[in-house]
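Quick notes on the structure that follows.
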Amino acid sequence: MSSFAGRMKEYPTISLDRFDRENLHARAYFLSHCHKDHMKGLKGPLLKRKLQFSRTVRLYCSFVTKELLLNNPKYAFWEEYIVALELESPTQISLVDEASGEKEEVVVTLLPAGHCPGSVMFLFEGSKGNVLYTGDFRFAAGDASRIELLHSGSRVKDIQSVYLDSTFYDPRFYQIPTREVCLKGILELVKNWISQSSHHVVWLNCKAAYGYEYLFTNLGDEFNTQIHVNSLSMFKKMPEILSYVTTDRRTQIHACRHPKDDEYFQGNRLPCGCTAADGTPLRIISIKPSTMWFGERTKKTNVIIKTGASSFRACFSFHSSYSEIKDFLSYLQPVNIYPSVIPIGRTLAEVTQLLKLMCRKQSDHSRLIYKPLGVLKRCRVERPTYGNTHKPDRCSCCTCLQVTEEEEEEHEGQGDAKPAKEEVMKEPEEKMEEEGKENCHAPKWEDFFTTEMLTDSQNSQSHSCCSVTSPSRMTGSQTPELFSDEEPPGNDENFSLTLSASLSNHSSQNMDSCLPDTLILAPEQREQGNVRTSMTSQKEVNDGLILQPELDEVSDSQASSDFNIPCTPESKVPQPDELLQLYRKLASGEDCENGKNSCSRVLLVHLGSE
DNA sequence: GCGATCAGCT
DNA sequence: CACAGCTGATCGC
């Protein structure tokens, strides 16, 4: 839970995700996402009164967050004071002191955060430097390198401070299985159950918060069905979610809720009270999405755990793991890092100390020279393709994201199993070669929940790293980049899932034996093999109980080193007229590195002129 | 009656 | 397997 007080040292006249106490005096408000612990004071009468007397104070958020917020009548009074901003579109905002007329300009950019629908990070750029407020976020390793607006040309922007979602910034939470792995486990479990008969139904025991919609859309696609929920109203302007949810109870997958839903479930009832039409009792299992974490060297990472005769927990996390956060921070190398959450059982001092290790060292002048690893890790649009080496079915954006920081000694690590950088980095040519491969370009969580009014341009922008345009609707049976890049540093083993099962001995129906008593999806040690990104067949699941989307090792011949960067093949000496053009662009402040994505579209928000 | 806070629960 | 939020008790205004 966020304990962020609402203000940043660099820009103290704005408030984020807190709206009480000192924050009542802010010149502008920002809401990163629509979870209650980030909305403290937002419906307070004091703030309401302040708005009525102000001509300039506004609340900035994403379009989706605005929609979700206004769906709750308690926040309806905000309607005329909310300014929804497009994602990844730098916007200049005037921070006006209404008493004195004093004004400060700041440019804010919303970056997809992957936490829940509409969730964003805020990047502020102004006279006090660049500051990134992450809100809550889930980034996989390497994701930061794909965000164009965290870069300036080929270099990472100089970030003064990061205000960090440190929920899992604790070595205990070293790894959390990726979304794709967790999703696959859930899909398998649901498939095994609902395929038995139409009376076999699943209850997704989700909490009362946004963030599970990704699960609904993927389940909906996989099983060509809709998910029963209590209300559709919040999604009425979000067709990409709306089409997957229903208030019609005649479906095999439910995510409906009731104050006494656990009691209902114990009595073999769904929260909605749904019963089979012909009187046959429903056969219900509950799946409770829960965060599961594992240590650095832990081999077992069960993503589904059976907790009762018909109850399961499924791994699901809205937040980045320790290793994912470390990857994020080591890429950005901010001067300061401030935690917004203190993990359970930790103190602020402990977390601050741990975070200090991730701050840029004062003696580090690399920013003034080069950022070669940053360049290597980035995926770029419209890069030339060359070379003809055979490469496995992995795309550049899944391989350019390995942790590259010098790892400090971890709590349980001996430092002996860490792969050398050469083993985890790939050469630029390899990345280019692999661009456009379908498997790894299935739309991802971040794309989905942040492209609220999905337009083609927004979609393609969200995949700018891959030169691929997302479909406007998720296709759930996609084969995601399973296991391709999610190995924690130091874990040199490939990853597969084993479905270990002891067959039910208390089934009342023969078909029940299809659902094991103990259903554990776990990675296990396996030999190095060729990549295979397709899902393992049902037969394999039944026969060998092995689910193994596989991960290949980067062979020696594919490995790159920091110093083995080939020249750009089409490079040539620029002609005078080209140089002139380049200089003009530079003089106008335009980013010459890339196309429109890099060029800041600075929109002036004229406050008070509405 | 309303809001803030906390314990308890899931 | 620890996130997010609900309910209910208590207190103050």
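Letters go in sequence order (proteins before strands), and every chain restarts at 1.
In this model, the phosphate group of C:dA4 is approached by a side-chain N or O of A:His115 to a distance below 4.0 Å at OP1 or OP2. OP1 or OP2 of C:dA4 sits under 4.0 Å from a side-chain N or O of A:His319. For the pair A:Ser290 and C:dA2, the criterion of a side-chain N or O lying under 4.0 Å from OP1 or OP2 is met. A close approach under 4.0 Å does not occur between any side-chain nitrogen or oxygen of A:Arg313 and OP1 or OP2 of C:dC3.
Here the C1' atom of nucleotide B:dC2 and the CZ atom of A:Arg49 are 14 Å apart, to the nearest Å. Going from atom NZ of A:Lys74 over to atom P of B:dG3 covers 9 Å, rounded to whole Å. Atoms CE (A:Met39) and P (C:dC3) sit 19 Å apart, rounded to a whole Å. Between the CG atom of A:Asp37 and the P atom of C:dG5 there is a distance of 6 Å, rounded to whole Å. Summarising the geometry, the separation between CZ on A:Phe318 and P on C:dA4 is reported as 6 Å, rounded to the nearest angstrom. Counting to the nearest Å, the P atom of C:dA4 and the CZ atom of A:Arg257 are 14 Å from each other. Atoms CG (A:Asp170) and C1' (C:dC1) sit 13 Å apart, rounded to a whole Å. For A:Asp136 and C:dA2, the CG to P distance is 16 Å, given to the nearest whole Å.
The residues A:Glu263 and A:Arg269 are annotated as not salt-bridged, no charged nitrogen and carboxylate oxygen being separated by less than 4.0 angstrom. A salt bridge links A:Asp20 with A:Arg18: the distance from a Lys NZ or Arg NE/NH1/NH2 to an Asp or Glu carboxylate oxygen falls below 4.0 Å. Ionic pairing of A:Glu67 and A:Lys236 is present here: one or more N-O contacts between side-chain nitrogen and carboxylate oxygen are shorter than 4.0 angstrom.
Nearest-nucleotide positions on DNA chain C for A:Pro259 and A:Met292 put A:Met292 closer to the 5' end.
Residues A:Phe173 and A:Phe294 keep their aromatic ring centres 6.0 Å or farther apart. The six-membered or imidazole ring of A:Tyr338 lies away from that of A:Phe4, with a centre-to-centre distance of 6.0 Å or more.
Remark: the backbone N or O of A:Gly211 is paired with a side-chain donor or acceptor of A:Glu213 at under 3.5 angstrom.
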Pick out the pairs of N or O atoms, protein on one side and nucleotides 10-13 of chain C on the other, that lie under 3.5 Å.
none

Detail all sub-3.5 Å separations between protein N/O atoms and N/O atoms belonging to nucleotides 4-10 of chain B.
unit_1 : atom_1 : unit_2   : atom_2 : d
B:dT5  : OP1    : A:Arg21  : NH2    : 3.3
B:dT10 : O3'    : A:Asp262 : OD2    : 2.4

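Results of the ring pair (Phe, Tyr, Trp, His ring centres under 6.0 Å) test with A:Phe30 over A:Tyr163, A:Phe124, A:Tyr133 single out A:Phe124 as the only residue that passes.
Within the 4.0 angstrom heavy-atom criterion, only backbone atoms of the sugar-phosphate kind lie near A:Phe168; the bases stay farther away.
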Hey, mind stepping through A:Tyr212 and A:Phe318 against ring-ring contact (aromatic ring centres under 6.0 Å, His included) and telling me if it holds? CA-CA 9 Å; A:Tyr212 300 97; A:Phe318 296 151; 5.1 Å; yes
Worked verdict on A:Tyr29 versus A:Tyr60 for ring-ring contact (aromatic ring centres under 6.0 Å, His included): CA-CA 6 Å; A:Tyr29 293 101; A:Tyr60 301 90; 9.5 Å; no
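Under the rule for a side chain to side chain donor-acceptor pair (under 3.5 Å), A:Thr291 has no partner lying at least two apart in sequence or in another chain.
Residue A:Lys36 places its side chain closer to C:dC6 than to any other of C:dC1, C:dC6, C:dC3.
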